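This is a predicted model, so every value here is computed, not measured. Naming convention: chains lettered A, B, ... in sequence-line order (proteins, then strands); numbering from 1 in each chain.
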There are 2 protein chains.
Amino acid sequence: MRQAKFEGSTQSDRLAEAIAETVLSGEFQPGLRLDEGMLAERYGVSRTPVREALRQLASTGLIDVKPRRGATVANVTSSQLEMMFGAMAEIEATCARLAAMGMTPIERRRLQGLQETMEAIVLRDDRDAYAAANINFHTQIYLGAHNEILSDFATALRRRLAPFRRAQFRTEGRSSRSHAEHAAVVKAIVACDASAAHAAMFHHMSLVEDSFGQLGAPSRATA
Amino acid sequence: MRQAKFEGSTQSDRLAEAIAETVLSGEFQPGLRLDEGMLAERYGVSRTPVREALRQLASTGLIDVKPRRGATVANVTSSQLEMMFGAMAEIEATCARLAAMGMTPIERRRLQGLQETMEAIVLRDDRDAYAAANINFHTQIYLGAHNEILSDFATALRRRLAPFRRAQFRTEGRSSRSHAEHAAVVKAIVACDASAAHAAMFHHMSLVEDSFGQLGAPSRATA
DNA sequence: GATTGCCATTATGTATGCAAAATCGTATAT
DNA sequence: ATATACGATTTTGCATACATAATGGCAATC
């Protein structure tokens with residue numbers, strides 16, 4: 001059963017990625033039982049790498065694995081979602097504050113440059129490009145916090161929440177509002193104003209949460 | 001190979017716990033190669049549950065697992081340690097702020113009660129009891145934040161940093177200083193003063209970091 | 001008719017076997 | 001003497017096989 005897709009990673013890792021994609025795409029819906037044998041057959045491998053992939057995904061919270069009871073796609077409750085958005089807002093605000101305090105001049109310039117790039121994207125109303133640039137923007141701030149632990153946590157949370165935010169930038173005027181909020185964040189960071197950066201980012205993230213409204217099903221965007 | 005220690009958890013889970021203990025105790029030192037076969041023989045099981053345990057531990061950062069290159073006890077650099085302590089201070093401070101904002105009256109009373117209990121422990125200079133109560137104190141604040149995501153993260157970080165803090169409360173006068181700092185946190189939380197709670201907790205955690213000084217090897221406390 | 005207990009089926013947890021990659025030692029060439 | 005290449009050994013990754021716990025259906029009983 002040789003299928004050398006990527007040399008340098010194992011089948012378990014590739015499987016974890018593939019299963020995660022399938023879950024995030026909505027094909028595997030919350031609550032669905034993830035039978036090891038079924039997955040093994042579906043991906044043409046044995047149960048062993050499937051099990052390792054499932055354990056790996058369980059550690060990210062994407063699926064639940066109970067001893068002797070198998071794995072199921074995690075059923076995210078409305079309260080859990082609230083807590084994830086809340087945690088994300090706190091962490092991002094913290095990163096923004098740290099960025100305001102510790103970013104190098106080069107990093108501040110880069111952030112400003114990115115902000116200007118996004119200005120153009122907003123003007124031509126390219127929502128896909130904005131969604132991509134938005135991730136980049138937030139990632140720059142994670143990195144600017146100069147704390148890999150916080151940055152990894154923020155990245156994991158963002159990835160975990162992605163399916164619940166997919167449709168967001170499709171809504172009319174969302175990009176320009178988001179962009180305006182980014183401006184406040186950038187301004188504070190460039191000015192080395194830690195508490196303003198924290199407040200601006202927290203405000204931004206809170207609005208993101210609000211715009212999602214109450215839970216509801218994750219958007220079924222394709223991959 | 002039946003060894004029914006705990007019915008309801010798997011050997012993989014028990015193995016992960018056992019290996020973690022051995023690493024945290026210092027018997028498995030940083031950089032040590034964790035050979036699957038060696039571990040399997042040591043714990044009297046086959047390689048399969050050992051592999052699952054290693055993957056699980058890798059997700060906590062306690063060990064490094066590279067594809068095709070096996071697992072090693074994570075070698076924590078001084079900069080990583082700094083980032084972990086920094087992240088911990090930020091998260092704890094955030095939890096304290098959220099606790100100040102959202103704790104129920106009952107939770108505030110309970111925290112105050114715990115603080116009074118610790119007062120007695122400090123007076124009779126029972127350092128082991130203080131160390132235990134201290135974990136309880138911080139846990140109460142995690143819970144008071146009413147955000148399981150942040151709380152889990154804080155708990156994981158605390159556990160991860162435990163070996164680097166073991167000797168801390170053995171130092172003369174550490175308990176009373178810590179207790180005094182706790183008082184400020186409790187006071188702010190009881191007064192619903194969010195920013196004071198944040199500041200007090202951050203101050204407290206920063207001192208913890210300082211008292212550790214620069215890296216050095218983790219304390220080799222037994223279990 | 002509902003409930004409970006038993007048995008067949010299914011799925012998970014673990015052990016074992018095998019193939020490929022990595023590591024280490026040795027020998028050879030420069 | 002150093003570096004490189006080759007081969008043996010070790011170890012990981014994966015597949016397969018087996019044992020045990022969980023699940024579901026059926027029947028017997030209240």
Side-chain angles (χ1 to χ4, degrees), chain A residues 1-20 22-23 28-75, chain B residues 1-20 22-23 28-75:
Chain A
M1 193 63 62
R2 292 244 30 85
Q3 49 180 55
K5 291 179 184 176
F6 296 87
E7 291 304 328
S9 75
T10 67
Q11 289 207 57
S12 304
D13 294 333
R14 292 192 292 274
L15 267 175
E17 193 59 37
I19 295 173
T22 314
V23 170
F28 289 162
Q29 296 197 9
L32 178 70
R33 192 178 171 76
L34 295 174
D35 186 89
E36 294 176 2
M38 180 268 287
L39 290 172
E41 187 181 9
R42 175 184 176 117
Y43 292 102
V45 297
S46 83
R47 277 178 51 221
T48 307
V50 170
R51 280 178 64 83
E52 292 189 356
L54 290 178
R55 297 300 184 115
Q56 190 174 329
L57 292 177
S59 75
T60 73
L62 194 64
I63 68 176
D64 292 328
V65 174
K66 292 179 188 167
R68 282 278 176 198
R69 318 203 112 197
T72 56
V73 177
N75 220 318
Chain B
M1 191 64 62
R2 291 249 25 87
Q3 48 181 53
K5 290 178 183 176
F6 295 88
E7 292 304 329
S9 75
T10 68
Q11 287 207 68
S12 304
D13 294 332
R14 293 192 292 273
L15 266 176
E17 194 58 37
I19 296 173
T22 314
V23 170
F28 288 162
Q29 296 197 11
L32 177 70
R33 191 174 169 75
L34 294 174
D35 186 88
E36 294 175 1
M38 179 269 284
L39 291 171
E41 188 180 10
R42 176 183 174 119
Y43 292 103
V45 297
S46 82
R47 277 178 51 222
T48 307
V50 170
R51 280 177 64 84
E52 292 190 356
L54 290 178
R55 298 299 184 116
Q56 189 174 330
L57 292 177
S59 75
T60 73
L62 194 66
I63 68 176
D64 291 327
V65 175
K66 292 177 189 170
R68 285 275 174 201
R69 319 202 113 195
T72 56
V73 177
N75 220 317

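- Among the nucleotides D/dT23, D/dT16, C/dA15, the one closest to any side-chain atom of A/Ser46 is D/dT16.
- The side-chain heavy atoms of B/Leu54 and B/Leu34, taken from C-beta on, include a pair separated by under 4.5 Å.
- Whole-Å rounding puts the A/Lys66 NZ to D/dT23 P distance at 10 Å.
- Residues A/Gln29 and A/Val73 form no side-chain contact, since every pair of their non-hydrogen atoms from C-beta on lies 4.5 Å or further apart.
- Put simply, A/Ser12 has no side-chain N or O that comes within less than 4.0 Å of OP1 or OP2 on D/dG13.
- Shown here is A/Arg69, whose CZ atom has no more than 12 heavy atoms of other residues, nucleotides or ligands within 6.0 Å.
- Residues A/Phe28 and A/Leu39 are in side-chain contact: their nearest non-hydrogen atoms beyond the backbone lie under 4.5 Å apart.
- Distance, B/Leu39 CG to C/dT14 C1': 16 Å, rounded to whole Å.
- Among the heavy atoms of the strands lying under 4.0 Å from A/Arg51 is at least one base atom, whether or not backbone atoms are also near.
- Between A/Arg55 atom CZ and D/dG13 atom C1' there is a gap of 17 Å when expressed in whole angstrom units.
- In this model, no side-chain donor or acceptor of B/Thr10 finds a partner on the base of C/dT12 within 3.5 Å.
- In this structure, A/Glu41 atom CD and D/dT16 atom P are separated by 13 Å, rounded to whole Å.
- A donor-acceptor contact under 3.5 angstrom links the side-chain atoms of B/Arg47 to the base of D/dG13.
- Rounding to whole angstrom units, CG of residue B/Asp13 and C1' of C/dT14 are separated by 13 Å.
- Without hydrogens or angle criteria, B/Arg14 side chain to B/Ser9 main chain gives a donor-acceptor distance under 3.5 Å.
- B/Arg51 places no side-chain N or O within donor-acceptor distance of the main-chain N or O of B/Glu36, the cut-off being under 3.5 Å.
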Polar atom pairs between nucleotides 5-11 of chain C and protein, under 3.5 Å, N or O only, would you list them?
{"unit_1": "C/dA11", "atom_1": "O5'", "unit_2": "A/Asp35", "atom_2": "OD1", "d": "3.4"}

